[in-house]
Enquirer: 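I have a structure I would like to understand better, so I am pasting it below and will then ask my questions one at a time.
Numbers here are sequence positions counted from 1. Each ligand, and each atom within it, is numbered from 1 in the order the structure gives.
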Amino acid sequence: MLKFNGKSVLSGVAIGKIYIFKKQEYTLVRKTVADAEAEVVRFHDACEKAKAQLKKLYEKTKEEVGEDHAVIFEAHQMMLDDLDYVEAIEAMIRDEKVNAEYAVTMTGNSFADTFANMEDDYFKARSADVLDITKRVVNVLAGIKEAGIDSDEPVIIVADDLTPSETVQMDKSKILAFVTRFGSQNSHTAILARSMNLPSLINTDIELLDEFDGKLAVVDSFHDTLIVNPDEATLKEAEADLKRWRDELSALNELIGLDNVTTDGRKVNIYANIGSVEDVEKVLKNDAHGIGLFRSEFVYLESQDYPSEEAQFEAYKAVVEGMGGKKVIIRTLDIGADKQADYFHLDHEENPAMGLRAIRICLERMEVFKTQLRAIYRASAFGKCSIMFPMIISVWEIKKIKEIVEVVKEELIAEGHAIGEVELGIMIETPAAVMMSDELAKEVEFFSIGTNDLTQYTLAIDRQNECINRFYDSHHPAVLKMIQMTIDNGHKNGIWVGICGELASDLSLTETFMDMGIDELSVSPTYVLPLRKKVREI
Ligand code: PEP
Ligand code: MG
């Protein structure tokens, strides 16, 4: 039996087999081969395997998020049959007597460059596809595992660290718990783990040894531990803890249907944060009265290319309709920093958290922004929908956004689309927005405070950097004063103010927020009922 310590991101218990998730990168080497024909056969076999993977991905994506998102994998299968591509690789293997990995990489890069230099935007975008299929074939040739979870039963994922896009692409039904060696409590991966209600540990002192793969383990994030090969007594105790935890969760169900009201009659809206259409089920199950933050960028992160207006419309419509008339606040694209999608081709930045991200990308890339706004406005005809904009720092930004919104609405109406009444709000997650909240409140209908970034920018502490975790203090008086100032300025101007950062679910602050006059708290679906319980005890 081996015991490792970590830091809990979401408390709970899981018992199951370990799945070691390693990021493997292939380092290209040029080798001379004696038998070029055998190498050509190896290349063809790899292509067949890559096509089989793509076929599976197509089926899975079609089932989980719809045909629109899936077609890209069908297109990739066809690209692997493209004669120009295939014959160029075969010729290189035969003429230069090189290994298939080398021929595929060099040919793929050269095709991708040709596409990237084309005038037409459609062909330019195909460059990323060529690189994608090339990487897939090379990975097959080099024996590198796919990013997915290759197991028939649900497992405990043990990894160095996970990016948000790796996490969203995992098959959630196969995960019992997350354990990472690195990571920070306020990273988006931690937020995703919370929203999946999976016991999770970060900063765990385990090494990623292959010998742990498949071993039975217990994650007890109440006690910040991972136990590998538990002895009989430990396993028995863990089974009892697991049962107790499940019982506690189901006892919360008694709060379903009750109001979020204090004993002295003060009310607060408790909404939920989501990242995908599938999360709506959890929101309804936990009886949240609305969605206070739909992180729409996850729709982009799950996609291999810019999601079309139609694909986005379907996703937003499914959420809005699924909520059956309850409010849904869709936050526009907040990509950048730790949330990266390759097809955006964002330049490397020294300080990505302070770089081209969120609303800044939208204001720079008007087509991307307008496509998203069109999709949201079209979805607004199917329920109660609000929009909020992330990372605002100035009044001019919101004035510019409102101009664009007007153009989009006029275009949609002229095209005969139905649109609903949409409330417009902003996230308050920069100190500048707090200081300007009196002026900003005159431009919008609500504020939602993003305490994750507000803490990061107020304290000058990178939320991703685990080395300075102990300085990342969302309870810092500077942060609390900023929250109070935002609420006061919002109310002075007649608009409502909520919190959608992780601090909203910090039960030690619920009473403080109620005293400050908060109107709404938006939390992971998992926290809705514990928060309701807390409010009702105040
Ligand atoms: C926040 O910053 O508090 C927030 C809710 O946005 P995100 O965590 O997605 O940056
Ligand atoms: Mg934020």
Enquirer: Look at atom 8 (O) of ligand 1 and find which of Met388, Arg463, Glu297, Glu502 reaches it with the closest heavy atom.
Expert: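 Shortest heavy-atom distance from atom 8 (O) of ligand 1: Arg463.
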Enquirer: At a 4.0 Å threshold, what atoms of ligand 1 neighbour a non-hydrogen atom of Gly501?
Expert: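 So the atoms of ligand 1 that pass are 3 (O), 5 (C).
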Enquirer: Which atoms of ligand 1 have any heavy atom of Leu293 under 4.0 Å away?
Expert: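 In order of numbering, the contacting atoms are 5 (C).
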Enquirer: Is it true that Met391 lies under 4.0 Å from ligand 1, counting heavy atoms only?
Expert: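 Outside the 4.0 Å threshold, so no.
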Enquirer: Is Thr451 in polar range of ligand 1, meaning some N or O pair under 3.5 Å apart?
Expert: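 Among all N and O atoms of Thr451, at least one is under 3.5 Å from an N or O of ligand 1.
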Enquirer: Strictly below 4.0 Å, N to O, side chains only: are Asp259 and Arg532 in salt-bridge contact?
Expert: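 Looking at Asp259 and Arg532, the cut-off is not met.
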Enquirer: Looking at the Mg ion (ligand 2), which N/O/S atom of Asp453 is the nearest one?
Expert: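 Looking only at N, O and S atoms of Asp453, the one nearest the Mg ion (ligand 2) is named OD2.
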Enquirer: Evaluate side-chain hydrogen bond (donor to acceptor under 3.5 Å, both in side chains) for Gln484 paired with Asp488, printing each intermediate quantity in order.
Expert: CA-CA 6 Å; Gln484 183 71 71; Asp488 291 346; 3.0 Å; yes
Enquirer: Without hydrogens or angle criteria, can the side chains of Gln312 and Tyr300 be said to hold a donor-acceptor pair below 3.5 Å?
Expert: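 Distance-only check passes for Gln312 and Tyr300.
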Enquirer: Regarding Arg266 and Asp515, does a basic nitrogen lie under 4.0 Å from an acidic carboxylate oxygen?
Expert: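 Salt bridge present between Arg266 and Asp515.
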Enquirer: Is the shortest distance from a heavy atom of Gln456 to ligand 1 less than 4.0 Å?
Expert: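 Contact check Gln456 vs ligand 1: negative.
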Enquirer: Taking Asp334 first and then Arg357, would you say they form a salt bridge - that is, a charged N and a carboxylate O separated by under 4.0 Å?
Expert: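 A salt bridge links Asp334 with Arg357.
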Enquirer: Of all the atoms in ligand 1, which lie at a distance below 4.0 Å from a heavy atom belonging to Arg295?
Expert: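 Those atoms are 4 (C), 5 (C), 6 (O), 7 (P), 8 (O), 9 (O).
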Enquirer: If you measure only the distance, is there a donor-acceptor pair under 3.5 Å linking the side chains of Gln372 and Tyr316?
Expert: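 Result is yes, a qualifying pair exists.
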Enquirer: Could you tell me whether Glu403 and Lys400 have a side-chain N and a carboxylate O separated by less than 4.0 Å?
Expert: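 Yes, Glu403 and Lys400 are salt-bridged.
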Enquirer: Specify the protein heavy atom at minimum distance from atom 7 (P) of ligand 1: its residue, its atom name, and the distance to 0.1 Å.
Expert: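 In this structure, atom 7 (P) of ligand 1 has His188 NE2, 3.2 Å as its nearest protein heavy atom.
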Enquirer: Could you tell me whether Arg331 and Glu297 make a salt bridge, using a distance below 4.0 angstrom between a side-chain N and a carboxylate O?
Expert: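 Salt bridge present between Arg331 and Glu297.
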Enquirer: Does this structure show an ion pair linking Lys384 with Glu423, if we count only N-O contacts that are shorter than 4.0 Å?
Expert: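 No.
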Enquirer: Under 4.0 Å, counting heavy atoms only: does Lys339 come that close to any atom of ligand 1?
Expert: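 Within the 4.0 Å threshold, so yes.
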Enquirer: Is the distance between the Mg ion (ligand 2) and the nearest N/O/S atom of Glu429 smaller than 2.8 Å?
Expert: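 Yes, within the cut-off.
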Enquirer: If you have a sec, work out which protein heavy atom is nearest atom 6 (O) of ligand 1 and how many Å separate them, to one decimal?
Expert: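 Minimum-distance protein heavy atom for atom 6 (O) of ligand 1 reads Arg331 NH1, 2.9 Å.
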Enquirer: Distance under 4.0 Å to a non-hydrogen atom of Asp453: what atoms of ligand 1 satisfy this?
Expert: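 Contacts of ligand 1 toward Asp453, numbered from 1: 1 (C), 2 (O), 3 (O), 10 (O).
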